[in-house]
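Okay, so here's the structure we're looking at.
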Amino acid sequence: MRVVLGVAGGIAAYKAVALLRLLREAGHDVRVVPTAAALRFVGAPTWAALSGEPVTGDLFDDVENVTHVEVGRTADLVVVAPATADLLARAAAGRADDLLTATLLMATCPVVMAPAMHTQMWQHPATVANVATLRARGVHVLDPDDGRLTGTDSGPGRLPEPEAIMAAALRLAGPQDLVGRRVVISAGGTQEPLDPVRFLGNRSSGRQGVALARAAHARGADVLLVAANMSVPPPPGVEVRTVTTAAELHDAMLEAATDADIVVMAAAVADFRPAQVASTKIKKTGSHAPTVELVQNPDILAALASNRPSPAQLVIGFAAETGDDNASILDHARAKAGRKGADLLVVNPVDDGRGFATPDNDITILDPTGQVLATATGTKDHVAHTVWDLVATMGDNLDDNPA
């Protein structure tokens with residue numbers, strides 16, 4: 001998606017740097033259009049380096065390419081953060097005295113403005129009227145957060161966090177093919193206690209599950225994220241339920257699945273747990289390490305696939321795989337696809353530092369017969385949308401779901 005990130009001249013401009021990075025990491029092309037005042041807070045080299053695009057806010061730069069027309073006309077989404085009282089006033093009046101306001105006049109795509117200013121400015125009748133005017137024209141003006149402002153003041157006027165701005169913008173601009181769907185997603189990695197200090201676990205950070213939840217929410221779904229020991233925060237706008245062990249994840253997912261249209265098992269589940277959990281820390285005594293007896297954990301994906309509340313419920317599993325002397329990654333995955341009973345199995349390699357705890361992923365999506373339906377390589381947000389793009393093609397089945 002082609003995104004224009006407008007930045008007005010407020011102290012909160014520094015947060016727009018984080019918003020730019022989030023948009024880029026999600027795979028979007030971003031053109032930053034700062035006002036002259038914004039460049040006094042964050043310089044053009046920062047915007048250019050992080051966006052990979054030329055940066056100017058002057059109407060008279062790059063005149064031969066009619067920049068004041070083309071930037072807005074070619075945008076798929078315009079996000080202004082921060083939108084100061086001055087910028088809101090100029091936009092409401094239809095001014096075109098710099099590249100950002102000219103872009104706003106040219107844009108036919110969705111426009112999102114995230115205000116940031118002092119409380120008295122936000123509550124002033126002029127600002128209230130300008131916001132009402134912009135909203136009446138179809139501009140999506142977010143409400144500012146209530147919190148610490150510049151200096152010691154607090155109140156409404158604080159710029160929303162970059163993650164919340166991006167979630168609101170992408171939900172407005174992206175495909176809405178999951179509207180009305182209840183989606184349950186697991187993320188992270190389970191931990192099986194050995195004693196009060198130690199546990200058996202894995203290296204899953206939860207990034208892929210979070211990306212799936214963020215993308216589903218952006219596409220209109222009602223999302224529940226069942227989070228197991230994640231090292232990344234959940235996305236804004238989704239319900240979160242936390243668990244620790246595989247047994248807890250099993251119970252939470254089966255309960256949540258009863259009213260879900262789509263269930264995604266993206267969490268990395270420990271296949272085994274200690275048969276006995278010591279009530280006190282196991283001490284290191286002598287030269288011999290203790291022997292740990294393991295028992296098998298329940299197969300959560302197979303249980304979800306075999307206990308659907310409706311035949312139309314879509315169940316999607318993830319398989320973190322490595323090859324070995326007996327079979328390749330894809331061979332192991334095809335065998336797993338046949339055993340689990342899920343509608344889709346998303347296979348990702350986790351050897352050579354891939355998959356776990358990284359920003360990127362490499363996936364192959366199989367049907368229950370082992371046929372390859374789609375592949376994707378790139379950021380975990382890109383991978384997430386590949387999964388939902390495929391789900392969108394299965395919409396006729398979902399439409400029959402009475403859940």
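When reading the values below, keep in mind they use all heavy atoms of this one structure, side chains included, and skip hydrogens, waters and symmetry mates. Here, residue 1 is the first one in the sequence, and each next residue gets the next number.
In this structure, the side-chain hydrogen bond (donor to acceptor under 3.5 Å, both in side chains) partners of D97, at least two apart in sequence or on a different chain, are R90, R95, T101. Qualifying side-chain hydrogen bond (donor to acceptor under 3.5 Å, both in side chains) partners for D324, counting only residues two or more places apart in sequence or in other chains: H332.
Checking each of L19, V17, L23 against P162 for a side-chain contact (heavy atoms from CB on, under 4.5 Å) leaves exactly one that passes, namely L19. Partner H28 forms a side-chain contact (heavy atoms from CB on, under 4.5 Å) with one of D76, L170, L77 and no other, that one being L170. Shown are L224, I262, V223; of these, the side-chain contact (heavy atoms from CB on, under 4.5 Å) with R182 is made only by L224.
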### Message
Would D58 and T56 count as a side-chain hydrogen bond (donor to acceptor under 3.5 Å, both in side chains) here? Give the steps.
### Response
CA-CA 6 Å; D58 195 319; T56 182; 5.8 Å; no
Apply side-chain contact (heavy atoms from CB on, under 4.5 Å) to V30 and R2, showing your working. CA-CA 6 Å; V30 185; R2 182 72 173 164; over 6 Å; no
Q | Derivation and outcome, side-chain contact (heavy atoms from CB on, under 4.5 Å), residues V79 and V4 | A | CA-CA 6 Å; V79 182; V4 172; over 6 Å; no
Apply side-chain contact (heavy atoms from CB on, under 4.5 Å) to residues Q371 and L366 and explain how you reach the verdict. CA-CA 5 Å; Q371 179 182 349; L366 306 179; over 6 Å; no
- Task: Step by step, work out the side-chain hydrogen bond (donor to acceptor under 3.5 Å, both in side chains) result for T377 and D362.
- Result: CA-CA 4 Å; T377 300; D362 178 8; 3.1 Å; yes
Q: Dump the intermediate steps for side-chain contact (heavy atoms from CB on, under 4.5 Å) on V350 and T322, then the final yes or no.
A: CA-CA 6 Å; V350 290; T322 62; 3.8 Å; yes
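Other residues, nucleotides and ligands contribute more than 12 heavy atoms inside 6.0 Å of the NZ atom of K283. Around CD of Q276, the count of heavy atoms belonging to other residues, nucleotides or ligands within 6.0 Å does not exceed 12. Crowding of M121 atom CE: a count of heavy atoms from other residues, nucleotides or ligands under 6.0 Å not exceeding 12. Crowding of R40 atom CZ: a count of heavy atoms from other residues, nucleotides or ligands under 6.0 Å not exceeding 12.
Taking NE2 of H140 as the start and CG of L172 as the end, the distance is 6.0 Å to the nearest 0.5 Å. For the atom pair L134 CG and M113 CE, the distance stands at 5.5 Å (nearest 0.5 Å). The CZ atom of F318 sits 7.5 Å away from the CD1 atom of I365 when rounded to the nearest 0.5 Å. Atom CZ of R24 sits about 7.0 Å away from atom OG of S51, to the nearest 0.5 Å. In this structure, the separation between CD on Q191 and CD on E248 is 10.5 Å, given to the nearest 0.5 Å. Here the straight-line distance linking atom OG1 of T150 with atom CE of M117 works out to 12.0 Å at 0.5 Å rounding.
For the pair R339 and D299, the salt-bridge criterion is not met [side-chain N within less than 4.0 Å of a carboxylate O]. Using a 4.0 Å cut-off between a side-chain N of Lys or Arg and a carboxylate O of Asp or Glu, K15 and E161 qualify as a salt bridge. Salt-bridge check for K336 with E321: passed, with a basic side-chain N closer than 4.0 Å to an acidic carboxylate O. Residues D343 and R308 are paired through a salt bridge, judged by an N-O separation under 4.0 Å between the basic side chain and the carboxylate. Ion pairing between D146 and R158 fails under the 4.0 Å rule for side-chain N and carboxylate O. Comment: D177 engages R219 in a salt bridge, judged by a side-chain N to carboxylate O separation of less than 4.0 angstrom.
The shortest distance between side-chain heavy atoms of I316 and M265 does not fall below 4.5 Å. Proximity of E163 to L22: side-chain heavy atoms (C-beta onward) are separated by under 4.5 Å at one or more points. Counting heavy atoms from C-beta on, the side chains of E255 and M253 never come closer than 4.5 Å. Inter-residue side-chain proximity for I165 and L159 is flagged as met; some heavy-atom pair is nearer than 4.5 Å. Looking at heavy atoms from C-beta onward, R181 lies in side-chain contact with L178 at the 4.5 angstrom threshold. Using a 4.5 Å heavy-atom threshold, the side chains of D145 and P156 count as separate. The shortest side-chain heavy-atom distance between L104 and V139 does not fall under the 4.5 Å cut-off. With a 4.5 Å cut-off on side-chain heavy atoms, L100 and L87 count as touching.
Between the side chain of T190 and the main chain of A270, a donor-acceptor pair closer than 3.5 Å is present. Checking side-chain atoms of S186 against main-chain N and O of A267 turns up a donor-acceptor pair under 3.5 Å. A distance-only check finds a donor-acceptor pair linking the side chain of R273 to the backbone of Q296 [under 3.5 Å]. Proximity of a side-chain donor or acceptor of E192 to a complementary backbone N or O of A246 within less than 3.5 Å is detected. Under a 3.5 Å cut-off, the side chain of R135 and the backbone N or O of N130 do not form any donor-acceptor pair. Between the side chain of W388 and the backbone N or O of L212 there is at least one donor-acceptor pair closer than 3.5 Å. Judged purely by atom type and a 3.5 angstrom limit, T46 has no side-chain atom pairing as donor or acceptor with the backbone of V42. T258 places no side-chain N or O within 3.5 Å of a backbone atom of L254 that could act as its donor or acceptor partner. Of the possible polar contacts, none joining the W47 side chain to the R31 backbone as a donor-acceptor pair under 3.5 Å is found. Using modelled atom types, one side-chain atom of Q313 and one backbone atom of A260 make a donor-acceptor pair closer than 3.5 Å.
Here the closest heavy-atom approach between residue G209 and residue L225 is recorded as O-CD1, 4.0 Å. Heavy atoms only, all atoms of each residue included: A211 and K380 are closest at CB-O, 3.4 Å. Summarising the geometry of P234 relative to M230, their closest heavy-atom pair is N-CE, 4.1 Å, with the distance given to 0.1 Å. Contact record, G189 with N229: O-ND2, 2.8 Å, taken as the closest heavy-atom pair. Shown here for P160 and D143, the closest heavy-atom pair between the two residues is CG-O, 3.8 Å. Heavy-atom minimum distance, L39 versus A44: CD2-N, 3.7 Å.
Side-chain polar atoms of D389 and T386 form no donor-acceptor pair below 3.5 angstrom.
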Show me the side-chain donor-acceptor pairs of residues 194-202 shorter than 3.5 Å, one per line, residues at least two apart or across chains.
residue: D195; atom: OD1; partner: V197; partner atom: N; Å: 2.7
residue: D195; atom: OD1; partner: R198; partner atom: N; Å: 2.6
residue: D195; atom: OD2; partner: R198; partner atom: NH1; Å: 2.5
residue: D195; atom: OD2; partner: I282; partner atom: N; Å: 3.0
residue: R198; atom: NH1; partner: I282; partner atom: O; Å: 3.1
residue: R198; atom: NH2; partner: I282; partner atom: O; Å: 3.4
residue: N202; atom: OD1; partner: S204; partner atom: N; Å: 3.1
residue: N202; atom: ND2; partner: A268; partner atom: O; Å: 3.1

